[in-house]
Amino acid sequence: MRIVTWNVNSVRARLPRLLEFLERVKPDVVCLQETKCLDEVFPLEPIEDAGYSCAVHGQKTYNGVAILAKGRIEDVVRGMDDGVEDHEARVISAQVGDTMIVNAYVVNGQAVGADRYHYKLAWLLRLRDFAARRCPLDEKGVVCGDFNVTFDDRDVYDPALWHEKILCSTPERRALGGLTGLGLKDAFRKFHEEGGHYTWWDFRTKGYQRKAGLRIDHLLLTPPAFDALASCTIDLAAREGAGPSDHAPVVAEI
DNA sequence: ATGGTGGATTTTCCA
């Protein structure tokens with residue numbers, strides 16, 4: 001199964017690029033984040049015409065997640081189903097074939113110490129608990145998405161500049177470590193121990209042109225999925241040229 | 001270095 005996570009920064013603005021990507025990469029499953037639209041204006045028809053079923057969980061203007069799959073999408077859950085009042089559309093999960101897929105758009109957090117930062121840390125604890133309930137470790141499972149957290153300084157183009165800043169602070173990394181602590185493993189690191197590989201580059205500082213990025217989009221795998229994992233790459237072609245998202249897709253073969 | 005760009009919906013929020 002070829003599975004992708006991609007923060008598209010508006011599915012409607014990125015539709016031509018998404019369709020090009022589906023044609024070129026031919027993934028079996030695509031987890032989108034920041035779709036930024038209500039479900040009734042999600043561009044279902046062109047995506048279905050490309051051969052994909054869709055499970056969507058969106059809201060107006062902000063956030064929004066979706067799972068696209070060539071196969072049947074079953075047992076869809078929107079949100080984390082934990083009784084916490086939450087009006088932000090950031091999680092959708094579903095079974096595709098033999099694999100449980102949890103797609104998350106983690107809170108950005110704005111800045112270390114901000115209200116949204118504390119909300120982010122609490123939200124990541126909820127995600128850990130949800131992932132633990134949703135992905136039994138003895139079955140194939142993928143928890144993927146835009147985590148808005150780097151694992152360590154190898155994921156940072158300028159560790160001194162980003163030291164203890166948002167996306168790189170120790171509490172955020174510990175919260176991300178809560179997920180790997182369950183027994184989930186970082187797919188990309190299976191094949192790339194070295195640093196210098198990124199998935200997001202800031203529009204504002206022309207980060208991509210400067211090769212100044214962070215690796216914040218991840219696929220975390222249960223042991224059976226990790227054992228089956230044959231490759232994991234960042235599709236830089238999707239970040240090239242005119243009108244890209246600020247994130248590149250991450251592609252894994254399980 | 002505290003700006004900058006990009007998207008959605010507006011004259012501002014969020015990233």
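What you see is a predicted model, and the numbers here were worked out from it, not measured in a lab.
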Checklist entry - Which atom names give the shortest non-hydrogen contact between V142(A) and I3(A), and what distance separates them? => result CG1-CD1, 4.0 Å
Output the residues of [range] in contact with DNA chain B, where contact means a heavy atom of the residue under 4.0 Å from an atom of the strand; sort by number or write none.
range: residues 102-120 of chain A; result: Y105(A), N108(A), Q110(A)
range: residues 196-210 of chain A; result: F203(A), R204(A), T205(A), K206(A)
range: residues 241-250 of chain A; result: none

Over how many whole Å does the gap from [X] atom [atom1] to [N] atom [atom2] extend?
X: R14(A); N: dA15(B); atom1: CZ; atom2: C1'; value: 13 Å
X: W162(A); N: dA1(B); atom1: CH2; atom2: P; value: 16 Å
X: D158(A); N: dA1(B); atom1: CG; atom2: P; value: 12 Å
X: N7(A); N: dC14(B); atom1: CG; atom2: P; value: 17 Å
X: R17(A); N: dG6(B); atom1: CZ; atom2: P; value: 12 Å

Checklist entry - Excluding sequence neighbours, so at least two apart, what forms side chain to side chain contact (heavy atoms under 4.5 Å, CB included) with E193(A)? => result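 Scan of E193(A) (side chain to side chain contact (heavy atoms under 4.5 Å, CB included), adjacent residues dropped) gives R154(A), R189(A).
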Item to check | is_close_aromatic(F188(A), H218(A)), centroid dist under 6.0 Å | outcome: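 Between F188(A) and H218(A), the centre distance exceeds or equals 6.0 Å.
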Checklist entry - Hey, are D186(A) and R215(A) close enough for a salt bridge, meaning a charged N less than 4.0 Å from a carboxylate O? => result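 Salt bridge present between D186(A) and R215(A).
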With a cut-off of 3.5 Å and sequence neighbours excluded, list every side-chain donor-acceptor pair involving residues 35-49 of chain A.
{"unit_1": "T35(A)", "atom_1": "OG1", "unit_2": "G64(A)", "atom_2": "O", "d": "3.3"}
{"unit_1": "K36(A)", "atom_1": "NZ", "unit_2": "N9(A)", "atom_2": "OD1", "d": "2.9"}
{"unit_1": "D39(A)", "atom_1": "OD1", "unit_2": "G58(A)", "atom_2": "N", "d": "2.7"}

In whole angstrom, give me the gap between the [atom1] atoms of [N] and [M].
N: dA15(B); M: dT2(B); atom1: C1'; result: 16 Å
N: dA8(B); M: dG3(B); atom1: C1'; result: 22 Å
N: dC14(B); M: dG4(B); atom1: C1'; result: 15 Å

Checklist entry - Taking only residues two or more places apart in sequence, or in another chain, which ones meet H163(A) in a ring pair (Phe, Tyr, Trp, His ring centres under 6.0 Å)? => result none
Checklist entry - Could you walk me through whether S169(A) and Y117(A) pass the side chain to side chain contact (heavy atoms under 4.5 Å, CB included) check? => result CA-CA 10 Å; S169(A) 73; Y117(A) 177 78; 2.8 Å; yes
Scan the side chains in residues 123-130 of chain A for donor-acceptor partners under 3.5 Å anywhere in the protein, sequence neighbours excluded, and list what turns up.
{"unit_1": "R126(A)", "atom_1": "NE", "unit_2": "D82(A)", "atom_2": "OD2", "d": "2.8"}
{"unit_1": "R126(A)", "atom_1": "NH1", "unit_2": "D86(A)", "atom_2": "OD2", "d": "3.2"}
{"unit_1": "R126(A)", "atom_1": "NH2", "unit_2": "D82(A)", "atom_2": "OD1", "d": "3.1"}
{"unit_1": "R126(A)", "atom_1": "NH2", "unit_2": "D82(A)", "atom_2": "OD2", "d": "3.4"}

Checklist entry - With sequence neighbours left out, what residues match D227(A) under salt bridge (charged side-chain N to carboxylate O under 4.0 Å, His left out)? => result none
Item to check | Which residues share a salt bridge (charged side-chain N to carboxylate O under 4.0 Å, His left out) with R78(A), sequence neighbours left out | outcome: none
Checklist entry - Which letters describe nucleotides 8-13 of chain B, given B = protein heavy atom under 4.0 Å from base, S = only from sugar-phosphate, - = neither? => result SS---B
Next on the checklist: Tell me whether K190(A) forms a cation-pi arrangement with F226(A), defined as NZ or CZ under 6.0 Å from the six-membered ring centre and within 45 degrees of its axis.
Outcome noted: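 Relative to the ring axis of F226(A), which defines the angle, K190(A) lies inside both limits.
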Item to check | Contacts of E240(A) that satisfy side chain to side chain donor-acceptor pair (under 3.5 Å) - sequence neighbours left out | outcome: Y208(A)
Item to check | Pairs meeting criterion salt bridge (Lys or Arg N to Asp or Glu O under 4.0 Å) with involvement of residues 5-21 of chain A, two or more places apart | outcome: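 For residues 5-21 of chain A, and leaving out neighbouring residues, the salt bridge (Lys or Arg N to Asp or Glu O under 4.0 Å) pairs sorted by first residue read E20(A)-R24(A).
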